[in-house]
Amino acid sequence: LLVISHAAHAAAPTRMYADGAGNLVLHAEHAVVIEAAALVLNGTSLADLISQAAAAAVATGTAALSSALATQVSTTEAALDQLSAAQASIAGQISTASAQSSTIAALQSSAAVADTRLTVLQGVIQQTCFASPKPLALPLVQTLPTTGASQASAITVGNTTYLALSTYTNGSHFNLSSSLYVFNASAQPGSQFVFVQPILGKGALDVKFFMMNGTAFLAVPYYRDSSYTMNSSVYMLDPLAPPGQQLTLLQSLPTHGAYAIHFFNMNGTGYLALANSFDGSAYAHTVDIYSFNATIGSAGRFILFQQINVTGATGISTHMVNGRMLLAISSYCDAAFRTTEVNSSIFVYHNRTGRFRLVQEIPTSAALSASLFPIGDTLYLAFANSQSMSSYVARSTIYSLSPGSDRFELLQNLTTVSAAAIEPFVFGDTHYLAVANYYTNETYTSSSNIYRFDPARPPGSQFVPVLDIYPRGARGISIFPAGGATYMAVACMYNGTSWRGPSSVYRFDSVAACWA
């Protein structure tokens, strides 16, 4: 029992604690100090009780603290786990962002490449669709069943277009007819050129349509049968006659291995030039020039006008320049056939003498054709050289006429393979050259070529190859209009295994637009 007496106010708050000497101290507004040593409670001193109470409090506080610390540690560990998870998530997001950044960079690079390709494509479209001149397309539209075809020629009379192909041999004999076709615009594509009439003859190497005084003619020179001395033929074409009877013989002309024929008009008179190439023993012969006399007979006759001495004549071309007629003759070989490296010849007609006179000789190599043609104010001359001394790969040559003179200067070489014909033509407003390549060193599969004249290029490179076609054994070319389109007939003589290889008809197209 603890009795504490004090003189403090009854209502004063009190507080009790033990000091370091074991005294129990009561704090009040008027506190008294009681000797703690005299107090006894159930045999235990107050000091022990306090000590026990303190120990219990410490134990309780320690346990509580330990529990709190454990809880805090657990909470902290959970927080650390969450932090680690957050760090892992952030790392994943960083990795994803990096990958996305690489993807974006790759996409940007691809976009840049696509932009470059688009620019290139736009340039191609610009060049292809809107370029001038437009690129050429030359689809094969029909094959014609010919045998040993050597040359083609076409003419339009009224609204009807005729195509003739000459026949040389079938490999065993020369007594073969050439062929006349007519263009039928209403027929199905692939069958528009319709055979209408055979052209009787033997061993023909050339054929030429021409118009004179409103009448159409067809000339066919004959090279050989059993003999090289034979008559070549000039026919009149009557478009009103029944099919099969439209060609009637006008005149036969004596020839010796006639290789080529050419018509030209000079001073209002029509002329035929016939290239006599071989008589069976020598190639030293003449080019015979005939003038047409309309007063002889009912239909007129060609009268011998002049004979020009040449060797191995194979091609003839004429053109009027500065009021004077130029005549070009290609030569294949010398008189004894010892070499094919010979000169071809240029002649000029002199009004005073009334004759053609030699003005220039040009070196050629087994030349098989000559073509004079103007482009603008310049006159050009092209030779189809069929071989060199050791190879069928040769340089066909293009010359230009020097201003104010009668002399031609070498302009450009074209690499050709056994070139048999070279033909200038105009498509749209662009000038071209077509070359028929006949034979390689081993096969008859050499491509024939189309060259475009590009005036923007420097001299010596103005004829640019733009298109190749692959008729086998191409020997002759004719470019002509029919039914609102432009066609090219290629006479094919031999395909490597047979003389019955078909000849080909192509149609010229240009890429006018890439979309409607």
Side-chain angles (χ1 to χ4, degrees), residues 140 142-153 163-181 193 195 197-208 220-233 255-261 275-281 283 312-315 332-333 337 340 366-369 384 386-387 391-392 394 416-421 435-448 469-478 489-505:
L140 175 66
Q142 189 171 348
T143 57
L144 304 176
T146 55
T147 299
S150 54
Q151 187 54 278
S153 181
L163 172 65
L165 287 103
S166 56
T167 299
Y168 177 57
T169 183
N170 63 3
S172 60
H173 65 86
F174 302 89
N175 189 13
L176 298 168
S177 296
S178 297
S179 303
L180 179 65
Y181 293 83
F193 290 91
F195 176 80
Q197 183 177 344
I199 307 169
L200 300 180
K202 300 176 181 179
L205 281 177
D206 197 8
V207 60
K208 286 291 187 300
V220 186
Y222 299 121
Y223 184 73
R224 67 164 296 184
D225 186 13
S226 57
S227 171
Y228 292 87
T229 299
M230 52 198 306
N231 289 329
S232 294
S233 301
T255 53
H256 305 278
Y259 203 101
I261 195 164
N276 294 296
S277 180
F278 186 57
D279 63 3
S281 61
Y283 288 88
T314 55
Y332 181 80
C333 62
F337 199 33
T340 57
L368 289 179
S369 75
S386 63
Q387 64 186 75
S391 172
Y392 287 98
T416 54
V417 184
S418 189
V435 178
N437 291 314
Y438 178 60
Y439 176 68
T440 67
N441 286 330
E442 298 178 355
T443 70
Y444 292 82
T445 58
S446 177
S447 66
S448 293
I469 57 174
Y470 292 88
R472 299 189 66 175
R475 188 74 182 184
I477 292 177
S478 179
V490 181
C492 298
M493 181 177 286
Y494 182 69
N495 64 17
T497 59
S498 173
W499 295 89
R500 295 182 181 276
S503 294
S504 303
V505 179

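Starting from 1, each residue takes its place in the sequence as its number.
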Open item on the list: Assess the residue pair Tyr259 and Leu368 against the criterion (side-chain contact (heavy atoms from CB on, under 4.5 Å)); give the C-alpha distance rounded to whole Å, side-chain angles, the decisive distance to 0.1 Å, and a yes or no.
Closed with: CA-CA 9 Å; Tyr259 203 101; Leu368 289 179; 3.3 Å; yes
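- To the nearest 0.5 Å, atom OG of residue Ser178 and atom OH of residue Tyr168 are 12.5 Å apart.
- The backbone N or O of Ile477 lies less than 3.5 Å from a partner atom in the side chain of Gln151, making a donor-acceptor pair.
- Not a single donor-acceptor pair under 3.5 Å links the side chain of Asp279 to the backbone N or O of His256.
- Side-chain contact between Thr169 and Arg224 is absent, with no heavy atoms from C-beta onward closer than 4.5 Å.
- To the nearest 0.5 Å, the span separating OH on Tyr438 from OG on Ser448 amounts to 12.0 Å.
- A donor-acceptor pair under 3.5 Å is formed between the side chain of Thr314 and the backbone N or O of Ala367.
- Rounded to the nearest 0.5 angstrom, Ser166 OG and Ile261 CD1 are separated by 11.5 Å.
- The closest side-chain donor-acceptor pair between Asn231 and Ser233, if any, does not fall under 3.5 angstrom.
- At distances below 3.5 Å, at least one donor-acceptor pair connects side-chain atoms of Thr255 with backbone N or O atoms of Met230.
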TODO: Take Tyr392 and Asn437 through the side-chain contact (heavy atoms from CB on, under 4.5 Å) test and state the conclusion after the steps.
DONE: CA-CA 10 Å; Tyr392 287 98; Asn437 291 314; over 6 Å; no
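- Contact record, Ala421 with Arg475: CB-O, 3.8 Å, taken as the closest heavy-atom pair.
- For the pair Ser418 (side chain) and Thr440 (backbone), a donor-acceptor distance under 3.5 Å is absent.
- Ser447 contributes no side-chain N or O that, together with a main-chain N or O of Ile469, makes up a donor-acceptor pair within less than 3.5 Å.
- The closest donor-acceptor contact from the side chain of Asp206 to the backbone of Pro221 lies at 3.5 Å or more, if one exists at all.
- We find the OG1-CE distance between Thr146 and Met493 to be 10.0 Å, quoted to the nearest 0.5 Å.
- Tyr444 and Tyr494 have perpendicular rings, their planes meeting at more than 60° on a 0 to 90° scale where under 30° would count as parallel.
- Between Tyr283 and Phe337, the angle of the ring planes lies from 30° to 60°, which puts this pair in the tilted group.
- With Ser503 contributing its side chain and Cys492 its backbone, the two residues share a donor-acceptor pair below 3.5 Å.
- Side-chain contact, Thr167 with Thr147: no donor N or O sits under 3.5 Å from an acceptor N or O.
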